[in-house]
Amino acid sequence: MRFFGLVLTLIGTLYLLDLALLVWAHRDWWRRRWVRRLALAVPAVIVAGLGIWAASHELQSTTWIAVGAGLTSFVFAQLTALLPALLITAILRGALHVWDVVRSSSHAGSTVPFPGARPPPEELAAHTLNDAVPESPGRRRFLRAGLAALPLVSATTAAAGTLRSAQTPSIPLIPLHFPDLPDDLEGLRIFHLSDLHVGPYVSLEDVEYLVERASALVPDLVVVTGDICDHLPDYLATLQCIEALTPRLGTYACLGNHEYFRGLPAVRASFERSVIPLLVEQGLTIPVGGARLHVAGADDPRYLGDAAAHGRLRASVEASLQGAPSDAFRVLMSHRSQAFDTAAPLGVHLTLSGHTHGLQMGLGGRSLFEHLLPDSYIWGHYGGGATQLYTSAGVGHWFPFRLGCPPEAPLFTLTSKPVVGA
């Protein structure tokens, strides 16, 4: 219940901020009856959504979780998008008001430039042209309409992000160039599944369809980097769906934070009934012709809020690489992309991660928040040469919103040849 309390606090704070801006800075909008009714109905929608979500969570009903969480998420997205729109609009309206005051003052302080005699026609014409002319009603209406459009655009964008969260995951084909790649690993295909979050928004049928599409691409290795299923009764069934992939080098998984949230003993029990090995602070070496491939799995620290948590992640990465042959090509599965900071100096060639969902907003193939959090490796390809990282935007999500950051399950091809356009 603590989680729902935090969500209520966050949404309630957003609502109060939006309401304060609306009442204080946009009084003409607030006077409209439909605006007041809509604004005052929002708390009831928030309470209803959270109530349905919390009750269905206890009952393990994915249908009603989707209804409650979806409703709550939709309201959250709308309130979040509305806040900057109202703020920007308030600033622009304030600037227009200051401009009006300045114009009025200049008119009030002006004096007649030609007292007594009538000026020559040419001087009168020049004075008339240079004198401030009151702004036309049409221009003022246009400005008001433009300002009113900002909240409408923000609401439409938020709704679009909610709708786009339901799109089918893509399978981007991504070549990765490693100059010293062993010949026997040339062209090796690795299929990366992360953050499926099977439950309210991703069904077992969705996983089956994704697996069917991936099977046609014939991957050599499949890695699953945590947050597999949010509906514990379907955890084993989700693993069995993934088992339909039959790569020649096997399928392997590591833990994510949601595995801990769902209950690690039950998750481990599901893996024990599956043919997919769960690698937790351990790895295994696979012969591939004359080359060797070491696949390792880090544990998840459950959160990365302090130095101790980062230390646990660092120790977990180190433990997973114990016994890795010095000549092996090393692939690390870590739900957290921050593992790359430890893995790269230890000689891990490829780290595959998830968790962030790209913060579910992107532009040009990168997270919209990339420059704000440069050390978090939010989404996409990082590094180069002998040590590289890819952070997947994930197949699913627990918060149904994606804008410019579509769900994905990438297929990587290892090559020693330079990648054109990279």
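These numbers were taken from a predicted model, which means no experiment stands behind them.
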Exercise for the section: Keeping to residues at least two apart or across chains, list the salt bridge (Lys or Arg N to Asp or Glu O under 4.0 Å) pairs with something in residues 208-223. Expected result: Arg189-Asp220, Asp220-Arg248
Handout entry: Donor on one side chain, acceptor on other, Thr342 and Glu318, under 3.5 Å
Key = no
Handout entry: Test item: Gln360 side-chain N/O and Phe399 main-chain N/O as donor-acceptor pair under 3.5 Å
Key = yes
Handout entry: Face-on cation placement of Arg366 at Tyr382 ring, 6.0 Å and 45° thresholds
Key = yes
Practice task
State whether the side chain of Arg336 and the backbone N or O of Ser353 hold a donor-acceptor pair below 3.5 Å, judged by distance alone.
Solution key: no
Practice task
Kindly check if the number of other-residue, nucleotide or ligand heavy atoms within 6.0 Å of CG (Leu264) is above 12?
Solution key: yes
Practice task
Please check if any side-chain donor atom of Glu186 sits under 3.5 Å from a side-chain acceptor atom of Ser416, or the reverse.
Solution key: yes
Handout entry: Polar side chain donor-acceptor pair, Thr285 to His294, under 3.5 angstrom
Key = yes
Practice task
Please indicate whether Trp24 has more than 12 foreign heavy atoms, meaning atoms of other residues, nucleotides or ligands, lying under 6.0 Å from its CH2.
Solution key: no
Handout entry: Heavy atoms of other groups near Asp183 CG, more than 12 under 6.0 Å
Key = no
Exercise for the section: Count the heavy atoms of every other residue, nucleotide or ligand shown that sit under 6.0 Å from CZ of Arg164, and state whether that count exceeds 12. Expected result: no
Handout entry: Check: Arg36 side chain, Trp30 main-chain N or O, donor-acceptor pair, under 3.5 Å
Key = yes
Handout entry: Within residues 304-348 or reaching into it, pairs that qualify as ring-ring contact (aromatic ring centres under 6.0 Å, His included) - sequence neighbours excluded
Key = Phe178-Phe329, Phe329-His349, His335-His355, Phe340-Tyr377
Handout entry: Check: Ser376 side chain, Ile378 main-chain N or O, donor-acceptor pair, under 3.5 Å
Key = no
